[in-house]
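Read the structure below first, then the notes.
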Amino acid sequence: MKSIPCLLVIVLISTLLTGCWGAKEIEHMIYVNTLGIDYVDDQFVVYVQMVNFSGIGKKESGGATQEQKTFVGQARGDSFDTAIFNLYASSPQRIVWSNIKTLVFSDKALKHGIIDQVLEVWDRYYEFRYTVWAMATKEPMEEVLNTPSISDLSVLYSQLNSPMRTYEQSSIIAPIYLYKFIWKWKEKGQVVLLPYLDIVHGWTDNNKPSPNLSMAGVCLLDDQQFKGCLKSSDALGLRWLEKKTIRTPLVIKDKKSVKALMVMNKIKSSIKLKIKRGKPVFDINVSMQATLPQLNISLQKTLLEKEAVKEVKKQIMDTYLNGLKHKADVYSLSGILYRQMPRLWHELYTKEKFPLTPDSIENIHVKVNLVSGGISKMR
């Protein structure tokens with residue numbers, strides 16, 4: 001007789017337990033992989049790139065190769081949020097934003113100054129994360145998101161979604177996470193060096209054109225304003241002061257011919273602030289190790305090191321001057337002044353909008369230690 005009340009209690013408690021009947025099947029949701037933001041005819045245009053994950057699963061488990069499919073959707077609106085809600089109207093299933101890997105701005109969007117509005121929405125919606133890559137492009141956004149990856153690789157492993165693999169092998173333009181973008185965007189004296197993507201057409205697939213994405217330079221966002229973009233060849237000095245630089249090539253040229261190619265690693269840099277006649281000036285110190293995979297003429301080790309020092313100094317200064325042409329402080333020198341002497345920083349930036357000049361960098365000290373390679377040709 002005692003078992004009947006116990007049974008009734010169990011039945012009553014079980015009715016209070018939650019179940020999984022409200023859960024959504026993952027195949028019934030749309031996972032956004034890349035979010036692109038453009039600005040056309042005074043309207044926000046959002047692009048979403050979705051990836052079919054079934055092909056990836058089969059390949060990684062050793063199954064049959066299946067063509068990776070990507071889908072791109074777009075919608076317009078008077079604001080960033082309105083454009084997203086207009087996108088929902090044409091979506092066949094619920095859109096999930098928590099899997100975004102990359103946020104891409106068009107140059108037109110950057111020029112229009114829409115970043116604050118995007119970050120405002122990003123801060124408020126719980127599905128958006130800050131550990132996504134931030135990039136820019138001058139190319140048509142739809143073409144960028146539809147550019148396939150070669151050799152049946154998933155777009156998840158392209159420079160759009162996985163830029164570090166290429167950067168580790170050749171560190172020219174450093175990728176940037178959104179959280180670091182936000183810090184530099186809001187911090188006084190910091191410049192955002194936003195990598196921009198180009199579509200390159202040098203690849204083929206069975207003799208058919210197979211375009212790829214490539215980091216072609218950086219867009220400069222200084223004092224919360226878009227200042228312009230520099231091509232990689234005009235921004236080579238950035239890598240010598242970038243802490244993420246792992247391995248980067250340095251070409252030693254004569255007027256036309258290549259004398260040697262050195263690969264630099266273990267790069268360390270520092271910037272020292274001095275005040276002269278009430279103005280800030282800076283000394284830049286850089287040291288690195290080098291190896292020598294290519295040497296076209298016979299040169300002494302010390303001479304090669306001197307040539308490398310000269311070239312690195314030139315690249316650092318040229319990049320700084322290229323930034324000044326856009327009124328941008330590419331090495332965030334004013335940020336050093338702001339942290340060490342905030343009162344002087346406010347005085348200078350109250351009198352002058354942009355007090356840095358070509359003379360603001362007083363000295364560049366570079367030390368190159370050639371450690372290996374081509375020993376038979378060096379003395």
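FYI, side chains are in, hydrogens and waters are out, and symmetry mates aren't considered; it's all heavy atoms of this structure. Since the structure is predicted, the reported quantities are computational estimates derived from the model, not experimental observations. For this chain, numbers begin at 1 and follow the sequence in order.
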Using distance only, find each side-chain donor-acceptor pair of residues 132-144 under 3.5 Å and give its atom names and separation, not counting sequence neighbours.
unit_1: Thr137; atom_1: OG1; unit_2: Glu139; atom_2: N; d: 3.1
unit_1: Thr137; atom_1: OG1; unit_2: Leu197; atom_2: O; d: 2.9
unit_1: Glu139; atom_1: OE2; unit_2: Ile199; atom_2: N; d: 3.2

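- The salt bridge (Lys or Arg N to Asp or Glu O under 4.0 Å) check on Glu127 picks up Arg94, with sequence neighbours excluded.
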Query - Check against side chain to side chain contact (heavy atoms under 4.5 Å, CB included), Asp123 and Tyr130 - result: CA-CA 9 Å; Asp123 280 340; Tyr130 295 99; 2.4 Å; yes
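- Nearest heavy atom pair, residue Lys101 against residue Asn161, reads CB-ND2, 4.0 Å.
- Considering only heavy atoms from C-beta on, Val218 stays 4.5 Å or farther from Cys229 through its side chain.
- In the hydrophobic clustering (ILVMFWY side chains linked at under 4.5 Å, chained through shared members), Val281 stands by itself.
- Counting only heavy atoms from C-beta outward, the side chains of Leu348 and Pro280 approach each other to under 4.5 Å.
- Considering only residues two or more places apart in sequence or on other chains, Tyr88 meets the ring pair (Phe, Tyr, Trp, His ring centres under 6.0 Å) condition with Phe85.
- By the 4.5 Å heavy-atom criterion applied to side chains, Asp283 and Ile271 are not counted as neighbours.
- No salt bridge links Arg247 with Glu168; every basic N to acidic carboxylate O contact stays at or beyond 4.0 Å.
- Counting heavy-atom neighbours within 6.0 Å of Lys327 NZ, excluding the residue itself, gives a total of 12 or less.
- Under the side chain to side chain contact (heavy atoms under 4.5 Å, CB included) criterion, Leu236 pairs with Ile172, Arg239, Gln315, not counting sequence neighbours.
- Annotation: side chain to side chain contact (heavy atoms under 4.5 Å, CB included) contacts of Lys325 (sequence neighbours excluded): Asn322.
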